[in-house]
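Positions are given from 1, in the same order as the sequence printed here.
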Amino acid sequence: MLTLYGHAASSNVRKVLWTCHELGLDRLHKDFNGATLLSTFPHYRAINPNGMVPAIDDGGFVLWESNAIIRYLATKHRRHDLLPEDPEKRAVIEQWMVIFWPEIFCKMR
């Protein structure tokens, strides 16, 4: 089962939660912020050396950084509607992954 580490109030964790929802994935969500994760789970630094959220453990495969996680999950589950195979279509999606979220998040503050 996929384990997701990170507080749901984090914009980057929400991106991963939304992706998991779109994929219909069962997951164990350890809903803690980075500082709490480090104090509650001392091994968290081995999962993410930066000590930040989000991070996942997918059956022993550990990955951190929200956009990397989203790309991995979409690719693993062959959801080409979320991450197209066509290079031009994929580039547009990845462009929005980089620029869209900070723009939206800053306007919501």
Side-chain angles (χ1 to χ4, degrees):
M1 174 181 283
L2 179 75
T3 301
L4 170 62
Y5 297 89
H7 190 40
S10 160
S11 59
N12 289 320
V13 173
R14 281 196 307 267
K15 290 193 299 187
V16 177
L17 285 168
W18 288 337
T19 302
C20 289
H21 177 76
E22 285 293 320
L23 296 172
L25 298 180
D26 289 330
R27 64 201 169 273
L28 173 61
H29 181 198
K30 298 195 182 251
D31 193 0
F32 298 101
N33 65 30
T36 305
L37 274 168
L38 290 172
S39 63
T40 307
F41 303 100
H43 70 284
Y44 185 69
R45 188 79 67 181
I47 293 169
N48 185 347
N50 296 321
M52 304 291 284
V53 295
I56 62 166
D57 182 334
D58 188 16
F61 175 68
V62 174
L63 189 63
W64 43 271
E65 177 54 44
S66 60
N67 288 334
I69 294 168
I70 291 167
R71 288 178 181 107
Y72 163 73
L73 292 173
T75 300
K76 178 181 179 183
H77 297 280
R78 298 183 177 138
R79 284 293 300 273
H80 304 301
D81 57 323
L82 298 179
L83 195 62
E85 288 183 293
D86 177 84
E88 291 177 4
K89 290 179 182 176
R90 184 179 184 129
V92 171
I93 296 294
E94 292 193 6
Q95 170 183 272
W96 281 104
M97 288 175 77
V98 173
I99 197 166
F100 182 68
W101 194 255
E103 288 294 317
I104 292 294
F105 184 67
C106 289
K107 290 180 185 347
M108 290 173 47
R109 285 185 159 178

Worksheet item: Can you tell me how far the CG atom of Asp86 sits from the NE2 atom of His80, to the nearest 0.5 Å?
Response: 11.5 Å
Fill in: Parallel, tilted or perpendicular: ring planes of Tyr5 versus His43, cut at 30 and 60 degrees
perpendicular
Worksheet item: When rounded to the nearest 0.5 angstrom, what distance separates CG in Leu4 from NZ in Lys30?
Response: 11.0 Å
Response to the item:
Closest non-hydrogen atoms of Pro84 and Arg90, given as atom of the first, atom of the second and distance, are O-CB, 3.2 Å
Fill in: Heavy-atom pair of closest approach, residues Glu22 and Leu82
CB-CD1, 4.3 Å
Fill in: Note, Leu23 side chain near Leu73 side chain (heavy atom, < 4.5 Å)
yes
Discussion item. Applying a strict under-4.5 Å side-chain criterion to I, L, V, M, F, W and Y, I'd like to know whether Trp64 and Trp18 cluster together.
Written reply: no
Discussion item. Measuring from atom CG of Leu28 to atom CE of Met1, what distance do you get when rounded to the nearest 0.5 angstrom?
Written reply: 7.0 Å
Item to complete: Without swapping roles, check the side chain of Arg14 against the backbone of Ala9 for a donor-acceptor pair under 3.5 Å.
Response: yes
Worksheet item: Would you find more than 12 non-hydrogen atoms of other residues, nucleotides or ligands less than 6.0 Å from Asp81 atom CG?
Response: yes
Practice prompt. Start with the C-alpha distance between Asn67 and Lys15, add both sets of side-chain angles, then the distance that settles side-chain contact (heavy atoms from CB on, under 4.5 Å), and finish with yes or no.
Written response: CA-CA 8 Å; Asn67 288 334; Lys15 290 193 299 187; 3.0 Å; yes
Worksheet item: Would Phe32 and Tyr44 count as a close aromatic pair, with their ring centres under 6.0 Å?
Response: no
Discussion item. Hydrophobic clustering (ILVMFWY, side-chain heavy atoms < 4.5 Å, transitive) - are Phe61 and Val53 grouped together?
Written reply: yes
Worksheet item: Going by heavy atoms in the side chains, are His7 and Thr36 under 4.5 Å from each other?
Response: no
Discussion item. To the nearest 0.5 Å, what is the distance between CZ on Arg79 and OG1 on Thr19?
Written reply: 9.5 Å
Discussion item. Taking the side chain as everything from C-beta on, heavy atoms only, tell me whether Ile47 gets closer than 4.5 Å to Asp57.
Written reply: no
Response to the item:
So CD1 of Ile70 and OG1 of Thr75: to nearest 0.5 Å the spacing works out to 11.5 Å
Fill in: Min side-chain heavy-atom separation Asn12-Met52 under 4.5 Å
no
Fill in: Nearest heavy-atom neighbours spanning Ala68 and Leu63
O-CD2, 3.6 Å
Worksheet item: Does Ile56 reach the side chain of Leu2, with side-chain heavy atoms less than 4.5 Å apart?
Response: yes
Practice prompt. Determine whether Glu94 and Arg71 make a side-chain contact, defined as any pair of heavy atoms from C-beta on separated by less than 4.5 Å.
Written response: yes
Discussion item. A side-chain contact here means heavy atoms from C-beta on lying under 4.5 Å apart; do His29 and Val13 qualify?
Written reply: yes
Discussion item. Could you report the tightest heavy-atom contact between Val16 and Pro54, atom names first, then the distance?
Written reply: CG2-CG, 3.9 Å
